[in-house]
2 protein chains.
Amino acid sequence: MRPKTLKELASHLDLSIATVSRALAGHERIAQATRDRVAKAAREFGYVPSMAGRMLVSGRSGFVGMTLAVRGPKLVDSFLGEFVTGLGEGLTERGNDLILATVAQGQSELDVLRHLVDSGRADGVVITRIAEVDQRVDYLIDRGARFVAHGRLLESERAYNWVDTDGARAFAEAFDMLYQLGHRHFGLLTISEPMTFRHLRQDGLAGAISRCGDPSLKLDVMTTPRFDRGACIQAAHRLLNAPERPTAIIGLFDELALTVMEEASRIGLSIPRDLSVIGFDNIAAAAYAPPGLTTFDASIRECAREAAAMLVDVIENPGQPPRTKLVQPMLTARASHGPAPRKHR
Amino acid sequence: MRPKTLKELASHLDLSIATVSRALAGHERIAQATRDRVAKAAREFGYVPSMAGRMLVSGRSGFVGMTLAVRGPKLVDSFLGEFVTGLGEGLTERGNDLILATVAQGQSELDVLRHLVDSGRADGVVITRIAEVDQRVDYLIDRGARFVAHGRLLESERAYNWVDTDGARAFAEAFDMLYQLGHRHFGLLTISEPMTFRHLRQDGLAGAISRCGDPSLKLDVMTTPRFDRGACIQAAHRLLNAPERPTAIIGLFDELALTVMEEASRIGLSIPRDLSVIGFDNIAAAAYAPPGLTTFDASIRECAREAAAMLVDVIENPGQPPRTKLVQPMLTARASHGPAPRKHR
DNA sequence: TCAATCTGTGCAAACGTTTTAAATCTAATC
DNA sequence: GATTAGATTTAAAACGTTTGCACAGATTGA
């Protein structure tokens, strides 16, 4: 019979539970010989400490939680996969694991978060897709829960831990690159949902334009509901059919940029000869859609890894001032951008 | 002060712990009035039972586990996201949650599975990407662990629970469709790794061909290492540059089919005029790559939902005969297939 | 009036671990 | 040979929950 509990292991070794526990923990005060003997037996019998017992006394579960809101019939990118992979990488290095708690239809995400934390299943949580004003943040702060946000609030007097991608910088970089290529008339296809990253990226672009100071610069901004494919196409269409068409269009993220590319080729424009297009995220389809979308890699996995590291730090060292981290996206140049068309130079 | 534990809640209500516990569980023997009073207080104070305490006494954690092996620098599709979403959907309906345990570099997946189960963190596990011969299955059976496999072994005298996509049927269907369109010379781009789905799909195709009985039928099979992009391209190239070229090529999965499409257009073939291509999986890029890849939707999310339901069933009703479930993939017709070129008819 | 039944509640054990405080053993010192 | 200091080990409590069993009070039947 294989000892499955500490008690069984102890009686098999003719030691007390306490000694075995301490020996396994590598406690100094236990004789080296005993430690070795215990370690050997534990290995031999494949003893694995019960999570429940340990959890009960330590008050920690070793888990980090994240909610999973089921959306849409089918995921269009690998964001979720990349994110959990990154979290997993960051967590496992520090001996933690990840809980994915699905928010059922008609259930509130806040409730799920609360249960996760209050039941002790998770020592902390990661929240993603932060909106401009996000009740989850206030809620978690009020609750005194340990958490890290992937993304930022638009503005908040309260401090919290966050990791984010530097979209403002990326969009400024996109502008600089396109400006160098002779572009002067820009288009931005953005969304109407109140997500913070929308502001940050647009501000990054606008800031770069105004810093540049060239009076001939022009920026057309078109807005569309995020999940309405028809509206997206229409918005792209309008951007492309303006009396004076931009020579370079930036999509708030790749899906929008890809829509622009599709619409552009539908009306007979050649990319990048007639139009430059740049996206953000570097989803898989960006490489497949001709002629290959130039975009910024959002480094989702790295963000998640950072978030995991930060959260474990928050859990283990509470009471520190909030931590923040800006991850730099990387330009992934493909073939959808090029010099501005001649007549526009 | 908010009662956080049963004891506190009980003393606040002037009841015993036992009564409160039973009242919350909706036990018959507790007076209705008491039950209501307790429920109200619990709701009011936001009491959430501690997972650890419950787990310790019930022996169940309410978690289902899955390992996450970090592979490649970047995910190319949404498989992982779809799969965990499906699992989440299936689990949350039955009051369970998901643990994602990352397999760290140099760590064995078996070890992670063992810890997951033996520590009591997970009541059961789901394993994916089953190889022809997969040590995880034997291991879990020997261990007496409750598990469900997404995918099958090539052959096994031992029974276990599995959910799988019916790739054989899909490939047979692809053949039938292409045969109707006049195609007689087929190509299959497949992988060299010993994964069971490779056999099942290829057998499905070969079976349909032999059932058809047309002696003019021909099938070229080309094999390539799965993760070697260069080799994939080369294999596609060879398939396309054979002395007599197939008029229809089926990719074992979309990435391979997309590679075929890229290579085909590189050497000046027009799809579907000169060549029909069909894939499997329906990854996002399949819709973006011109002219749009005809493929089978692998219904990953549905598989995962089934797997979750099955696993919970296995956990709650042990000792039943093993369950199996074949999910039907759905043809997603786009523009990459069409009538066979004239000269071949 | 007393026993028997029923209804509602409480006591206490059990789950497996960690940890505080105390006990035992060993060796060394006087 | 007694005392002490140091080195190991152990007993017992605590964590929060569920649940078998027992108990008190009320109701019923004889």
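Quick note: numbers below take in every heavy atom, side chains included, and nothing from hydrogens, waters or symmetry partners. By convention in this document, chain letters (A, B, ...) are assigned in the order of the sequence lines, proteins followed by strands, and residues within each chain are numbered from 1. Quick caveat: nothing in here was measured; it's all calculated off a predicted structure.
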query: DNA chain C: B:Asp14 or A:Ser50, which has the more 5' nearest nucleotide?
result: B:Asp14
- line: Quick note, B:Thr5 side chain, CB onward, closest among C:dA21, D:dG16, D:dT19 is D:dG16
message: Categorize A:Ser21 for me: base, sugar-phosphate, or nothing, with a 4.0 angstrom heavy-atom threshold over every strand shown.
response: base
message: Distance alone, cut at 3.5 Å: any donor-acceptor contact between the side chains of A:Asp36 and A:Gln32?
response: yes
- line: Among C:dT7, D:dT19, C:dT19, the one nearest any side-chain atom of B:Arg29 is C:dT7
- prompt: Rounded to whole angstroms, how far apart are CG on B:Leu13 and P on C:dG10?
  reply: 10 Å
query: Looking at A:Lys325, A:Arg152, A:Arg129, which one forms a salt bridge (charged side-chain N to carboxylate O under 4.0 Å, His left out) with A:Asp164?
result: A:Arg152
statement: Whole-Å distance, A:Arg35 CZ to D:dT9 P, equals 10 Å
- prompt: In terms of the angle between their ring planes, are B:Phe45 and B:His12 parallel, tilted or perpendicular, with boundaries placed at 30° and 60°?
  reply: perpendicular
message: Main chain of B:Leu110, side chain of B:Ser108: is a donor-acceptor contact present, judged purely on distance under 3.5 Å?
response: yes
task: State which of D:dA12, C:dT9, C:dA21 makes the closest approach to the side chain of B:Ala31.
output: C:dT9
- prompt: What nucleotide, of C:dT9, D:dT18, C:dT17, holds the atom closest to the side chain of A:Leu6?
  reply: C:dT17
field: Out of C:dA12, D:dA11, C:dG16, whichever nucleotide has its closest atom nearest the side chain of B:Leu56
entry: C:dG16
Side-chain N or O of B:Thr19 closer than 4.0 Å to phosphate OP1/OP2 of C:dG10: yes
- prompt: What is the distance, rounded to the nearest whole Å, between atom CG of B:Leu9 and atom P of D:dT17?
  reply: 9 Å
message: So, under a plain 3.5 Å distance rule, would you say the side chain of A:Arg22 forms a donor-acceptor pair with the base of D:dT10?
response: yes
task: Could you check how far CG of B:Asp36 sits from C1' of C:dG8, rounded to whole Å?
output: 15 Å
message: On the nucleotide D:dT17, are OP1 or OP2 found under 4.0 Å from the side-chain N or O atoms that B:Ser58 carries?
response: no
- request: Would you mind telling me which residue lines up with the more 5' stretch of DNA chain D, B:Ala52 or A:Glu28, judged by nearest nucleotide?
  value: A:Glu28
query: Under 3.5 Å, is there a donor-acceptor pair between the B:Thr67 and B:Glu109 side chains?
result: yes
task: In whole angstrom, give the distance that lies between atom CG of B:Leu24 and atom C1' of D:dT17.
output: 11 Å
task: Let me know the distance between CZ of A:Arg54 and C1' of D:dT17, rounded to the nearest Å.
output: 20 Å
query: Given C:dG16, is OP1 or OP2 found less than 4.0 Å from the side-chain N or O atoms of A:Tyr47?
result: no
message: Could you tell me how far apart B:Ile17 (CD1) and C:dA13 (C1') are, to the nearest whole angstrom?
response: 12 Å
- request: Write down the distance between CD1 (A:Ile30) and P (C:dT18), rounded to a whole number of angstrom.
  value: 13 Å
